Structures are given as structure tokens and as C-alpha cells.
Amino acid sequence: MATPTHSLGYAGCNFLRQRLVLATLSGRPVKIRKIRARDDNPGLRDFEASFIRLMDKITNGSRIEINQTGTTLYYQPGLLYGGTVEHDCSVLRSIGYYLEALLCLAPFMKHPLRIVLRGVTNDQVDPSVDVLKATALPLLKQFGIDSESLELKVVRRGMPPGGGGEVFFSCPVRKALKPIQLMDPGKIKRIRGVAYSVRVSPQMANRIVDSARGVLNKFIPDVYIYTDHMKGPNSGKSPGFGLSLVAETTSGTFLSAELASNPQGQGAAMLPEDLGRDCARLLLEEIYRGGCVDSTNQSLALLLMTLGQQDVSKVLLGPLSPYTIEFLRHLKSFFQIMFKIETKPCGEELKGGDKVLMTCVGVGFSNLSKTLK
């Protein structure tokens, strides 16, 4: 861990997860002021408070101070402890909101993390558990975090607004990460997906599959979309359906897209045919953006590159998302790491949109909290 230094100050509620995750890894305290100070309902929301409680559960000795109105937060990180944890997530955001942060922190725990998260598994805002399972786990394996115990399992599905889903995530600990050189995105060789439906007719999932295949079969014959219809207590508390698609390339890159139906009682009803077609088009757009890591996991890849051994890591990305751009600024504040950014215009070698080659030297982060056996 870095030696305790002066705390970093921020204002506003944006990028709260980024700041708390990087504070925990770098060991630097962080103070965030003016959290929705001018809002009619000022301060931290329920899902942010739930996230802070989760950070408290997986660390040992963290100090968290929140003022009366919830507009100022002081976080002094403790040691990442891990172990077996259960957490009830807020139903305002999906479990993916919490899992994204856990994926960043899990390899650096003292004990391997085994966590059960309850709440909403699929919504329209955050990456779903299905997409993270198909894209983030193979990315962790590239960095040498691969063993039997790396697993992400959907036990129950839960759709908004009721939730009621349950997810199990376990991850091994690593002393150090290996550097990566992901330069060749490869060509798309297969498309896989999951069409899920809960508390609606099982026929919905089949209708989604038919319309998605109608779009994708024009490009590649190897399209297989599983239908997942959960019944009874495994189907959560609210009705809904959706689709997550993942394209795999010849060089082992995974690009994803997903869509979920509108929550019960909010917005117009969606036809499963429209949802399937729109999701397939979103996947084609993600493939056009390209790169060796899809836009959902850009920040995870850059963080693991930063924390790697003191060696050069390179990754080819599609256009950087606004979230990733802010993440790079935060990496500079917390770890004093700067990336070399080269734009690679699309041409003969690279198809699709313009690409960005990101290069950095790792800080040589070593997991000091891991017990020596």
C-alpha cells in the first residue's frame, strides 16, 4: 500500500465509485464535498450509501464520515480484507453497479473474496451480470487472474423495480499482475447471447431470439442465443425480459451489447421483436467501435494495467467513453500514472471506427495484505 498522504478533495456526486475504489487501492484518504448540495433532495442517494456500506464490509479499519445532510463524505481506506460476505444492494441500481467496483478490488484482498449480492440483476442503466460474466472475467484472465475459484453465477434473476435477484461472485487473490500486450483485436468468429424472461410468457424469449438472429445471421452464421426463463422464487419480484449479446473474436476479445425491457409501470411497453432487433444493432455498433476491450470494461483494463508490474502494457481500444476519460484523470491524481495515447485511424489493417493505442508502465503494485502461506 502507498504510505498515507494528504487527502484528495473533490466536489460533486459524479464518479463516486471511481474515487472510492482508487482511494482504497492507493491508500489515500479522499474527501468529497457538495454532493447534490443544490438539489431538492440533497446528499447521498440510497444506492451510494449501499455502495459505501459494501466498501466497509470488504475492508478492515476504514473510516467513513458523512455529515448530517449527506453532502460531504470523508473516506479513509483500510486494508482490503475480503472473505465471505453478503450484501443487499439498493434496487435503484443494478448489481452490476457494485460488481464493477468489486472486479477492480477483488484480486488485491487479504483473503479470496466470496460474495453474495442481492438486488436487481438486469436494468437499463448499468452493465448486467451476464455481460460482466462474458466480458470482464476473460479480461481478468488476461492479467493472470485465472483459477477455478474465479466465478460469477446468477442464482436468481431480479428485474426493476422490485429486484429479488441473487448473484454469487468469487475471485482468487494475486500477489502481482502480469503486464499485457493486447494489440490485435482479430475478426469476429462467433456470437453468443442470453435472452431472459421472468414473470412473463416464456415465448417472449423466443421472439427476442428470432428478431436478433434476423439481423445477425446476415453477417455470420455462428449465432447461438440461449433462452433463460426462470420460474417461481428464482424469477424475482417484477416481470421483465431482455437480451445480452457477446461477440467473440479470433484473438479472444469479447465485445458486448445488451437491452432490457422498461420496468413495470414505467414508460411504454416494449415489443420483444423491437428489443431483439435494437440489441443486435447495438452489438454491430460496438463491433464497429472495436478494440481489444469493449467500452464497458475500458476502465477495468486501464486500472489493471496501472497496477501491473513495472513493465510496459499496451492495449488497443475503440473510442474512449467519457467515463474512461475521467478515469484516466483520476488515475493521474491517485497513482501519478500517465498513459501514452496514440490514435490509430481506421485503414487497411484496422476496420471500423478510429482506435486508440494506450501504453503505460505499471506502478509495480504489490498486494501486501495477501497472507504468505
Side-chain angles (χ1 to χ4, degrees), residues 94 96 100 121-136 138-139 157 159-160 185-198 200 203-229 240-251 253-263 266-298 316-324 345-346 350-356:
S94 99
E100 277 189 304
T121 53
N122 305 79
D123 73 355
Q124 296 177 316
V125 187
D126 301 294
S128 70
V129 181
D130 305 283
V131 158
L132 288 175
K133 181 178 180 175
T135 58
L139 181 62
R157 279 198 190 279
M159 299 293 288
K187 291 189 164 49
I188 306 294
K189 65 174 179 181
R190 65 167 80 107
I191 293 174
R192 294 287 177 266
V194 177
Y196 56 87
S197 56
V198 290
V200 292
Q203 202 54 42
M204 291 288 195
N206 300 336
R207 286 163 65 186
I208 294 172
V209 173
D210 288 345
S211 64
R213 288 188 67 114
V215 176
L216 296 171
N217 274 122
K218 295 174 189 167
F219 300 97
I220 189 170
D222 191 357
V223 178
Y224 197 93
I225 303 172
Y226 300 89
T227 54
D228 178 15
H229 180 73
F241 52 87
L243 171 65
S244 61
L245 292 171
V246 177
E248 186 186 346
T249 72
T250 48
S251 60
T253 296
F254 294 86
L255 305 167
S256 64
E258 61 177 330
L259 268 182
S261 58
N262 288 328
Q266 296 173 28
M270 272 174 118
L271 278 175
E273 285 80 8
D274 296 348
L275 184 134
R277 192 184 62 242
D278 292 349
C279 188
R281 287 176 180 167
L282 280 176
L283 182 71
L284 297 177
E285 192 180 323
E286 187 64 51
I287 291 168
Y288 174 78
R289 286 197 207 109
C292 295
V293 180
D294 70 344
S295 44
T296 314
N297 295 302
Q298 283 176 352
L316 188 74
L317 300 177
L320 298 179
S321 65
Y323 186 82
T324 309
C346 60
L350 297 169
K351 297 282 188 283
D354 294 345
K355 309 283 187 289
V356 184

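What you see is a predicted model, and the numbers here were worked out from it, not measured in a lab.
- Taking SG of Cys292 as the start and CD of Gln298 as the end, the distance is 11.5 Å to the nearest 0.5 Å.
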- Task: Determine, step by step, whether Ile208 and Phe241 satisfy the side-chain contact (heavy atoms from CB on, under 4.5 Å) criterion, reporting the C-alpha distance in whole Å, the side-chain angles of both residues, the deciding distance to 0.1 Å, and the verdict.
- Result: CA-CA 9 Å; Ile208 294 172; Phe241 52 87; 3.7 Å; yes
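- Counting heavy atoms from C-beta outward, His229 and Tyr196 have side chains that stay 4.5 Å or more apart.
- For the pair Met159 and Asn122, the minimum side-chain heavy-atom distance is below 4.5 Å.
- Atom CG in Asp354 sits 13.0 Å away from atom CZ in Arg289 (nearest 0.5 Å).
- With Val194 as reference, Asp228 is the one residue of Val209, Asp228, Leu243, Ile225 to meet the side-chain contact (heavy atoms from CB on, under 4.5 Å) rule.
- Using a 3.5 Å distance cut-off with no hydrogens or angles, the side chains of Glu273 and Ser211 do not pair a donor with an acceptor.
- Looking at every heavy atom in both residues, Ala136 comes nearest to Asn297 through CB-OD1, 3.6 Å.
- Nearest heavy atom pair, residue Asp126 against residue Gly96, reads CB-C, 4.5 Å.
- Contact check on Asp222 versus Arg192 returns a salt bridge, with a Lys/Arg side-chain nitrogen under 4.0 Å from an Asp/Glu carboxylate oxygen.
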- List the steps, then state whether side-chain contact (heavy atoms from CB on, under 4.5 Å) holds for Leu245 with Glu258. CA-CA 6 Å; Leu245 292 171; Glu258 61 177 330; over 6 Å; no
- Determine, stepwise, if the pair Asp210 / Arg207 fulfils salt bridge (Lys or Arg N to Asp or Glu O under 4.0 Å). CA-CA 5 Å; Asp210 288 345; Arg207 286 163 65 186; over 6 Å; no
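- A distance of 9.5 Å separates NZ in Lys218 from CG in Leu284, rounded to the nearest 0.5 Å.
- Remark: side-chain polar atoms of Asn262 are paired, donor with acceptor, to backbone N or O of Ala268 under 3.5 angstrom.
- A salt bridge does not link Arg281 to Glu285: none of the charged nitrogens lies less than 4.0 Å from a carboxylate oxygen.
- When all heavy atoms are compared, the tightest approach of Ser251 to Pro185 is OG-O, 2.9 Å.
- Ser261 and Gly240 get closest at one heavy-atom pair: OG-CA, 3.5 Å.
- For the atom pair Leu320 CG and Lys355 NZ, the distance stands at 12.0 Å (nearest 0.5 Å).
- Counting only heavy atoms from C-beta outward, the side chains of Thr296 and Glu100 approach each other to under 4.5 Å.
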- Query: Could you walk me through whether Leu283 and Ile287 pass the side-chain contact (heavy atoms from CB on, under 4.5 Å) check?
  - Reply: CA-CA 6 Å; Leu283 182 71; Ile287 291 168; 4.1 Å; yes
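- In terms of heavy-atom proximity, Arg277 sits nearest to Val215 at CG-CG2, 3.7 Å.
- Separation of atoms OG1 (Thr253) and CD (Glu248) is listed at 9.0 Å; rounding is to 0.5 Å.
- Counted within 6.0 Å of NZ on Lys187, heavy atoms from surrounding residues, nucleotides or ligands total 12 or fewer; the atom is thus considered open.
- Nearest heavy-atom pair, Tyr224 versus Arg213, reported as atom, atom and distance to 0.1 Å: CA-NH1, 4.3 Å.
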- Item | Test log, rule side-chain contact (heavy atoms from CB on, under 4.5 Å), inputs Ile188 and Leu255 | CA-CA 9 Å; Ile188 306 294; Leu255 305 167; 4.3 Å; yes
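- Here the CG-OG distance, from Asp130 to Ser256, works out to 10.5 Å after rounding to the nearest 0.5 Å.
- Ala205 is linked by a side chain to side chain contact (heavy atoms under 4.5 Å, CB included) to Ala195, Ser197, Thr227, counting only residues two or more places apart in sequence or in another chain.
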